[in-house]
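To keep things clear, I will list the structure first and then write my remarks on it.
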Amino acid sequence: MKQHNYQGALQQPIGSGFDAKSTSGEVIKGIDLMGKIAIVTGGNTGIGLETVKTLASVGATVIVPARDMEKAGKNLQGIAHVEIEPMDLMDPASIDTFAQKFLASGRPLHLLINNAGIMWVPLRRDSRGIESQLAVNHLAQFQLTARLWSALKNANGARVINVSSHGHHFAPFNFDDPNFEHRDYETLQGYGQSKTAVNLFTVELDNRAKACGVSAYSVHPGSIGGTELGREAPLELFIKMGFCDEQGNMLPEVAASLKTIPQGASTTVWCATSPQLEGIGGVYCEDTDVAVLASDSEMSNGVKSYSLDEADAKRLWTLSEELTGIKFQIL
């Protein structure tokens, strides 16, 4: 019987044999995904695109929902077994439309990789008044997973991979004011609580889904060069975070620490496909292994225990149902 990971009960490395420098290509060796169906959000750029290429290379059919269909078509051109469909994670109606079309195909869903996200953006809200980082990074994951649930159950052993971030260290989830209606907006706080929400959702989803044979994992890909994730962040923020000098030049020690895109995708691919994780779920993974619990020091590696708290995970599930208007029934 699979154990739960509340409070980080399972947060210890399992000796995967991989590390921070492992690539998605190394992780996928020996894996066969012929006949398997995967959905990868954000699958037309960055580590999402690398994830799509890697899964497709071993036979998976990969569906990539995209906001910009023209861009997705160019970036995914020539990759076998890929289907592109329209979806905008800031538009709840488009998430429903995408999910309904997939369900109508009658196919099971073996892998749902909630990879897409936004980071360090100015304050903007969706049509419901929800702050955008919370809307895209967590509530869209929650809605898409809920809408596709019957297909995940029908796969007999599906996995859901939710891309989180070390940025969850910036903030716990603020249940009193999640949408910055009564406090000043601070983009790092918004990003931090959205990624804490990803971890809380993952641990609760995994626990509820055990009876259906579905496992869930949250992933910190690492700091990666060459992605579009920080495109809206002001230079002042990168300077404040110690990434750049006053002229906007990346500091050499920061550049040396960055992962390549194939290295950044490795933990996602490992969580999606590795037989080493059979019987282990709800865990937060980084550097292609299960992560440790973070210490109290501000910049430690690993996962903060507050983002795996049982009471908060259940409370967030209820709040997410209220904010999305979706009753997410597992059984």
Side-chain angles (χ1 to χ4, degrees), residues 5-8 11 89-90 114-126 128-142 162-205 216-224 229-234 236-243 282-286 291-320 322-324:
N5 190 41
Y6 295 130
Q7 270 57 54
Q11 286 297 150
L89 293 175
M90 278 284 279
N114 287 310
N115 165 81
I118 56 175
M119 180 177 80
W120 303 355
V121 298
L123 178 61
R124 58 175 71 103
R125 303 182 186 278
D126 70 5
R128 303 165 293 189
I130 294 167
E131 186 273 321
S132 64
Q133 293 183 101
L134 179 59
V136 171
N137 295 345
H138 166 59
L139 290 174
Q141 288 188 355
F142 182 89
N162 297 321
V163 174
S164 180
S165 169
H166 185 264
H168 79 274
H169 287 232
F170 296 149
F173 193 84
N174 189 315
F175 285 96
D176 295 325
D177 188 18
N179 286 307
F180 294 88
E181 293 164 324
H182 310 293
R183 56 181 169 142
D184 291 337
Y185 178 70
E186 211 288 307
T187 192
L188 291 180
Q189 291 289 304
Y191 183 70
Q193 77 154 5
S194 76
K195 293 302 187 176
T196 289
V198 171
N199 297 346
L200 290 169
F201 170 48
T202 299
V203 73
E204 185 63 18
L205 174 64
Y217 305 90
S218 57
V219 167
H220 168 46
S223 297
I224 302 152
L229 191 54
R231 60 187 176 273
E232 287 196 77
E236 295 75 32
L237 188 52
F238 285 103
I239 296 170
K240 175 185 171 185
M241 297 292 290
F243 294 155
V283 288
Y284 172 98
C285 299
E286 64 185 6
V292 298
L293 270 175
S295 67
D296 291 335
S297 80
E298 196 172 317
M299 293 309 293
S300 67
N301 290 332
V303 58
K304 291 286 192 183
S305 59
Y306 63 63
S307 76
L308 303 171
D309 180 79
E310 181 173 6
D312 280 357
K314 295 183 187 309
R315 186 180 180 189
L316 179 67
W317 190 281
T318 300
L319 177 63
S320 301
E322 292 170 1
L323 292 174
T324 61

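Start at 1 with the first residue, then count along the sequence.
Here CD of Glu131 is found 11.0 Å from CD of Gln189. Values are rounded to the nearest 0.5 Å. The CG atom of Asn5 sits 10.0 Å away from atom CG of Asn199, with the distance rounded to the nearest 0.5 Å. To the nearest 0.5 Å, the span separating CZ on Arg125 from CG on Leu123 amounts to 5.0 Å. With rounding to the nearest 0.5 Å, the separation of CG in Asn301 from CG in Leu293 is 12.5 Å. Annotation: the span from Tyr284 atom OH to Ser165 atom OG amounts to 6.5 Å, rounded to 0.5 Å. Between the OH atom in Tyr185 and the CG atom in Asp177 there is a gap of 12.5 Å [rounded to 0.5 Å].
Minimum interatomic distance between Asn137 and Lys195 (heavy atoms only, all atoms of both residues): ND2-CE, 4.0 Å. For Ser164 against Ser218, the heavy-atom pair with the smallest separation is CB-CB, 4.2 Å. Pairing each heavy atom of Pro221 with each of Val163, the nearest pair is CG-CG1, 3.7 Å. The shortest non-hydrogen separation linking Pro172 to Gln193 is O-CB, 3.4 Å. Taking all atoms of both residues into account, the shortest heavy-atom contact from Pro122 to Ser132 is O-OG, 4.4 Å. Pairing each heavy atom of Leu308 with each of Gln11, the nearest pair is CD1-CG, 3.8 Å.
Applying the side chain to side chain contact (heavy atoms under 4.5 Å, CB included) rule to Thr196 yields the partners His168, Phe173, Leu200, Tyr306, Ser307; only residues at least two apart in sequence or on another chain are considered. Arg315 pairs by the salt bridge (Lys or Arg N to Asp or Glu O under 4.0 Å) definition with nothing, not counting sequence neighbours. When the ring pair (Phe, Tyr, Trp, His ring centres under 6.0 Å) test is applied to Tyr6, the partners found at least two apart in sequence or on another chain are His4. When the side chain to side chain donor-acceptor pair (under 3.5 Å) test is applied to Gln7, the partners found at least two apart in sequence or on another chain are Asp309. Taking Ala135 as the reference, Met90, Asp126, Arg128, Ile130 meet the side chain to side chain contact (heavy atoms under 4.5 Å, CB included) condition, with sequence neighbours excluded. Partners of Glu204 under the salt bridge (Lys or Arg N to Asp or Glu O under 4.0 Å) rule, at least two apart in sequence or in another chain, are Arg208, Lys314.
Using cut-offs of 30° and 60° on the angle between ring planes, the pair Trp317 and Phe142 is perpendicular. The aromatic rings of His166 and His220 sit tilted, their planes meeting at an angle between 30° and 60°.
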(request) Evaluate side chain to side chain contact (heavy atoms under 4.5 Å, CB included) for Phe175 paired with Leu316, printing each intermediate quantity in order. (result) CA-CA 8 Å; Phe175 285 96; Leu316 179 67; 4.1 Å; yes

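Proximity of a side-chain donor or acceptor of Gln141 to a complementary backbone N or O of Asn114 within less than 3.5 Å is detected. A donor-acceptor pair under 3.5 Å is absent between the side-chain atoms of Asn162 and the main chain of Val198, judged by distance alone.
Counting heavy atoms from C-beta outward, Gln133 and Thr187 have side chains that approach closer than 4.5 Å.
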